[in-house]
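Ligands are counted one by one from 1 in listed order, and the atoms in each one are counted from 1 as well.
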Amino acid sequence: MFEIGIVQRTRTTPFYESIVKAGVKGFTVYNHMLLPTYFESAEADYWYLINGVSMWDVSCERQVEITGPDAFKLVTMMTPRNISKCKVGQGKYVPIVDHNGGMINDPILLKLAEDHYWLSIADTDVALWAKGLALGMGLDVKIGEPDVSPLAVQGPDADRVCADLLGDWIYDLKYFWFREYDLDGIPLVVQRSGWSKQGGLELYLRDGSKGNELWDKVAEAGKPYNIKPGSPSTIERIEHGLFSQGNDMTIENNPFEIGLGKYCAVDQEADFIGKAALQRIKAEGVTQKLVGVVLPDVTIKGISRWAPLTSSDGQAAGKITSLTYSPRLKKTIAFGMVPIEYTEIGTELIAHTDQGETAAVVHETPFIK
Ligand code: THG
């Protein structure tokens, strides 16, 4: 194999020393920052998440901070989701689209005050988009990337670890709601969230100099529960139907194609970028859709590039966007972006993977409920 050079452009995280000590074995780059990919092995890490609890350095979930008198106006303009009733202390999953309705990002919005918002972003440069919009619209806002780095605690035992560390109040947090908390001088925002369906919280560290201190405290609180270092699990997220910007969707896709139509209030009173395009797409229907796919004849652990799909009579039929072997289902599962005529459950397609040609059958998502 080869090495990827790490320079200033590829930022390290406040937890870097700790994850190296914990035995991180691989990284990817996300929002120009290192994101651990695995510690023991992808599958061992997955089982710790499913059966217990794991802690993830997800500093790369960067915050785009929008403050100022016109902050609410700008955030409203940036998403098709109706956020008019979002309360201070509440978070919401908010797709961001361009004027064609193309997916730019799918962050979580955190409303810290009436004039103070964070967009906890996936891997595209939302701050630049926000700055361009603010400039073009003549809005009175400040946009920046604050010193905030999330540490996720995920798994069936995650709440117990966090309750031992932070207090029983964490049980009262509803999904995507958050509270500010000072942990012995470590400033945090604690939210019920995280990129898995195993439950848990994310601790947004607000002082990067205290990353290793926070890591140690979580690891210590997690000891009785056998907490392990981990990272967002490709296996778990495909099993449960969590889609990834840049993999399962790009700016070429609209939210209706990827099942995010339910977050698009195209007829809301407020104006937003992409409104006319999404109204038209909703009325006309989509030409392709993201579907589940099962590859019954092979055991493939993953693909690094989109794999073409064809129909049984040799027509182009889209592509596989993400793939994994599921240890719980004991089969290879995937997502595919497929022309609408091939999206019916049970449709038999052919996948052209880098490991050969194989059958691919359209399946509902999530694979595991
Ligand atoms: N946590 C934080 N920031 C993030 C992510 C995160 N930024 C990058 C990426 N993940 C953003 N994308 C998502 C995608 C899905 C979800 C959260 C962030 C998610 N979805 C639930 C689901 O699909 O079932 C619930 C959505 C809902 O119905 O409201 O959790 O993970 N801080």
Side-chain angles (χ1 to χ4, degrees), residues 13 15 28-33 35-36 49 54-65 78-83 85-87 90-97 103-112 117-127 145-146 148-155 158 162 173-179 188-206 230-234 236-250 253 255 258-265 290 292 321-322 335 364-369:
T13 81
F15 310 107
T28 185
V29 178
Y30 191 100
N31 284 322
H32 315 277
M33 185 174 268
L35 167 61
L49 166 65
S54 63
M55 54 194 290
W56 308 348
D57 174 0
V58 282
S59 303
C60 67
E61 296 170 349
R62 300 314 292 167
Q63 309 308 302
V64 173
E65 182 167 68
M78 285 177 72
T79 178
R81 182 120 194 217
N82 185 340
I83 58 160
K85 296 198 172 73
C86 186
K87 303 267 197 313
Q90 190 177 10
K92 272 185 184 289
Y93 183 48
V94 293
I96 294 179
V97 300
M103 287 294 297
I104 287 181
N105 203 287
D106 68 329
I108 299 169
L109 171 71
L110 290 84
K111 181 168 183 171
L112 290 116
Y117 298 85
W118 287 347
L119 289 165
S120 186
I121 60 170
D123 185 20
T124 61
D125 295 314
V126 171
E145 186 191 274
V148 174
S149 304
L151 180 67
V153 186
Q154 298 284 292
C162 292
L173 282 177
K174 286 179 283 187
Y175 206 71
F176 285 153
W177 286 70
F178 62 86
R179 250 172 73 174
L188 301 174
V189 162
V190 179
Q191 184 181 40
R192 182 164 299 286
S193 56
W195 214 54
S196 86
K197 284 294 190 180
Q198 306 312 309
L201 303 163
E202 288 179 301
L203 317 182
Y204 294 67
L205 170 66
R206 301 180 84 169
S231 57
S233 167
T234 301
E236 195 268 355
R237 71 108 180 153
I238 295 177
E239 289 177 336
H240 289 280
L242 282 172
F243 305 137
S244 160
Q245 174 80 28
N247 289 309
D248 306 307
M249 52 196 166
T250 73
N253 300 117
I258 47 188
L260 300 184
K262 59 184 173 222
Y263 303 114
C264 299
L290 195 67
T321 57
S322 291
F335 299 138
E364 61 198 3
T365 59
F367 294 96
I368 297 179
K369 291 211 168 66

(message) Would Glu236 and Lys197 count as a side chain to side chain contact (heavy atoms under 4.5 Å, CB included) here? Give the steps.
(response) CA-CA 8 Å; Glu236 195 268 355; Lys197 284 294 190 180; 3.6 Å; yes
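The existence of a salt bridge linking Arg237 and Asp248 is confirmed by a sub-4.0 Å separation between a basic side-chain nitrogen and an acidic carboxylate oxygen.
Residue-level contacts of ligand 1 at the 4.0 Å heavy-atom threshold are Tyr30, Glu61, Tyr93, Asp106, Ile108, Ser120, Ile121, Ala122, Tyr175, Phe176, Gly194, Trp195, Lys197, Glu202, Tyr204, Leu242, Tyr263.
Of the N and O atoms on the side chains of His32 and Asp125, at least one donor lies less than 3.5 Å from an acceptor on the other residue. Side-chain N/O atoms of Gln154 and Ser196 include a donor and acceptor closer than 3.5 Å.
Taking each heavy atom of Lys85 and Gln90 in turn, the nearest pair found is O-OE1, 4.0 Å.
With values rounded to the nearest 0.5 angstrom, Leu290 atom CG is found 8.0 Å from Asn253 atom CG.
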